[in-house]
K.L.:
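Let me give you the structure first, and then I'll get to my questions.
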Amino acid sequence: MFPQFLAQDADTVARALLGCHIVRLLDDGCAVGCADEHATGRVAGHAAERIVVRIVETEAYDQLDPASHTFHGKSERNRAMFGPAGHAYIYFTYGMHYCLNVTAATEGFGAGALIRAVEPVAGVEIIEQRRGRKGVDCVNGPAKLCKALDIDKSLYGHDLRLPPPSLEQAELRSGERIEVTPRIGISKATERQRRFVIAGNPYLSRR
DNA sequence: GACCAGATATGCT
DNA sequence: GCATATCTGGTCT
């Protein structure tokens with residue numbers, strides 16, 4: 001089910017996104033009829049055609065925050081953040097990396113949540129193949145997970161209710177706890193507690 | 001753990 | 001025109 005909490009402030013959305021799934025359908029030309037196998041992300045005889053990851057780390061950004069891309073107002077680059085909630089704001093940085101944000105709040109207010117790390121649920125082989133490495137290193141960073149999910153500028157402004165990729169609500173596992181910390185990799189407003197993580201999850205980014 | 005190169009879109013002066 | 005960037009991967013210590 002598509003999350004219903006997205007039209008709220010960035011902090012609420014960033015927190016509520018923890019545990020949710022991002023589902024990326026792949027076009028491998030498979031004929032109709034293998035839906036059951038595909039549901040698990042594993043298909044006999046050929047590679048998985050579906051990648052599912054679980055969000056374990058997010059950061060909140062909004063228009064009132066000096067560290068946010070929207071702090072100086074709407075521009076051609078950040079216009080998606082000012083659009084309706086639940087869409088993809090994708091930015092290109094350091095000349096080679098893409099990062100994914102889920103837009104939050106109401107239309108006209110630039111806010112969103114950066115997805116910083118995810119945990120693979122299905123389609124691990126595809127992820128490892130794309131990343132050219134194995135284990136936690138595949139998806140424990142905002143640009144790493146974009147590469148793993150094949151997310152780039154072509155998905156800018158994409159409505160995340162629709163595949164690919166789509167966002168699906170899921171609960172935290174029993175015993176899991178949310179921790180709030182200062183954000184990573186920014187130079188302004190570094191003291192604000194706007195990073196949300198599933199405490200102790202091995203897929204969290206480190207820096 | 002610290003340091004640095006990589007390559008370019010963006011926004012500010 | 002120029003500094004900076006919601007970063008990663010490789011190298012060196």
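Sequence lines set the chain letters: A, B, ... in the order given, protein chains first and strands last, and positions in each chain run from 1.
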K.L.:
Within the structure, does a side-chain N or O atom of K153(A) lie under 4.0 Å from either OP1 or OP2 of dT10(B)?
P.N.:
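So the side chain of K153(A) is within the cut-off, an N or O lying under 4.0 Å from OP1 or OP2 of dT10(B).
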K.L.:
Are the side chain of R130(A) and the backbone of A148(A) linked by a donor-acceptor contact shorter than 3.5 Å?
P.N.:
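Checking the backbone N and O of A148(A) against the side chain of R130(A), a donor-acceptor pair under 3.5 Å is found.
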K.L.:
With both distances under 3.5 angstrom, what nucleotide forms a Watson-Crick or G-U wobble pair with dG6(B)?
P.N.:
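dG6(B) is paired with dC7(C).
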K.L.:
If you pin N78(A) and M96(A) to their nearest nucleotides in DNA chain B, which one's is more 5'?
P.N.:
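Going by which nucleotide is closer to the 5' end, it is M96(A).
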K.L.:
How do R131(A) and L100(A) order along DNA chain C: which one's closest nucleotide is nearer the 5' end?
P.N.:
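Its nearest nucleotide lies further toward 5', so the answer is L100(A).
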K.L.:
Can you measure R77(A) atom CZ to dA5(C) atom P for me and round it to whole angstrom units?
P.N.:
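Distance, rounded to whole Å: 11 Å.
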K.L.:
What's L114(A) touching, base or sugar-phosphate or nothing? Going by heavy atoms closer than 4.0 Å.
P.N.:
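If one applies the 4.0 Å heavy-atom cut-off, L114(A) turns out to touch a base.
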K.L.:
D152(A) CG to dA9(B) C1': how many Å, rounded?
P.N.:
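Computing the D152(A):CG to dA9(B):C1' distance gives 15 Å.
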K.L.:
Mind calculating the distance between OH (Y94(A)) and P (dT8(B)) to the nearest angstrom?
P.N.:
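Rounded to the whole Å, the gap is 16 Å.
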K.L.:
Using atom CD1 of I151(A) as one end and atom P of dC7(C) as the other, report the distance to the nearest whole Å.
P.N.:
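Rounding to the nearest Å, CD1 of I151(A) and P of dC7(C) are 16 Å apart.
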K.L.:
Please report the distance, rounded to the nearest Å, between OH in Y91(A) and P in dA7(B).
P.N.:
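Going from OH in Y91(A) over to P in dA7(B) covers 20 Å.
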K.L.:
Could you tell me whether the side chains of S205(A) and E57(A) share a donor-acceptor contact shorter than 3.5 Å?
P.N.:
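Result is yes, a qualifying pair exists.
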K.L.:
Which part of the nucleic acid, if any, lies within contact of R194(A), taking any heavy atom under 4.0 Å across all strands shown: a base, the sugar-phosphate backbone alone, or nothing?
P.N.:
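Since no nucleic acid heavy atom lies under 4.0 Å of R194(A), the category is nothing.
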K.L.:
Which is more 5' along DNA chain B, the nucleotide nearest E76(A) or the one nearest G95(A)? Just name the residue.
P.N.:
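First, find each residue's nearest nucleotide; the 5'-ward one identifies G95(A).
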K.L.:
Out of dC12(B), dG9(C), dA9(B), which has the shortest distance to the side chain of F92(A)?
P.N.:
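Shortest atom-to-atom distance from the side chain points to dA9(B).
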K.L.:
Would you kindly check if the NZ (Lys) or CZ (Arg) of R77(A) is within the cone defined by 45 degrees around the ring axis of Y89(A) and under 6.0 Å from the six-membered ring centre?
P.N.:
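No, R77(A) does not lie over the aromatic ring of Y89(A).
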K.L.:
Please state how far atom CG in D137(A) lies from atom C1' in dC7(C), giving the value in whole angstrom units.
P.N.:
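So the CG-C1' distance, D137(A) to dC7(C), works out to 13 Å.
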K.L.:
Using whole Å, report how far CG of L145(A) lies from P of dC7(C).
P.N.:
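From L145(A) CG to dC7(C) P: 12 Å.
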K.L.:
Looking at S187(A), I'd like to know whether one of its side-chain N or O atoms comes within less than 4.0 Å of OP1 or OP2 on dA5(C).
P.N.:
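Yes.
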K.L.:
Establish, with yes or no, whether the OP1 or OP2 oxygen of dG11(B) is under 4.0 angstrom from a side-chain nitrogen or oxygen of S75(A).
P.N.:
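Result: yes.
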K.L.:
Please determine whether residues L6(A) and L172(A) belong to a single hydrophobic cluster, defined as Ile, Leu, Val, Met, Phe, Trp and Tyr linked transitively by side-chain heavy-atom distances below 4.5 Å.
P.N.:
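Result: yes, single cluster for both.
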K.L.:
Side-chain contact test, heavy atoms from C-beta onward, threshold under 4.5 Å: evaluate it for L204(A) versus N140(A) and give yes or no.
P.N.:
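They are not in side-chain contact.
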K.L.:
Could you work out which one of dA9(B), dC12(B), dC7(C) sits closest to the side chain of R116(A)?
P.N.:
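Of the options given, the side chain of R116(A) lies nearest dC7(C).
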K.L.:
Could you state the atom-to-atom distance from NZ of K144(A) to P of dG9(C) in whole Å?
P.N.:
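Nearest whole value for this atom pair: 5 Å.
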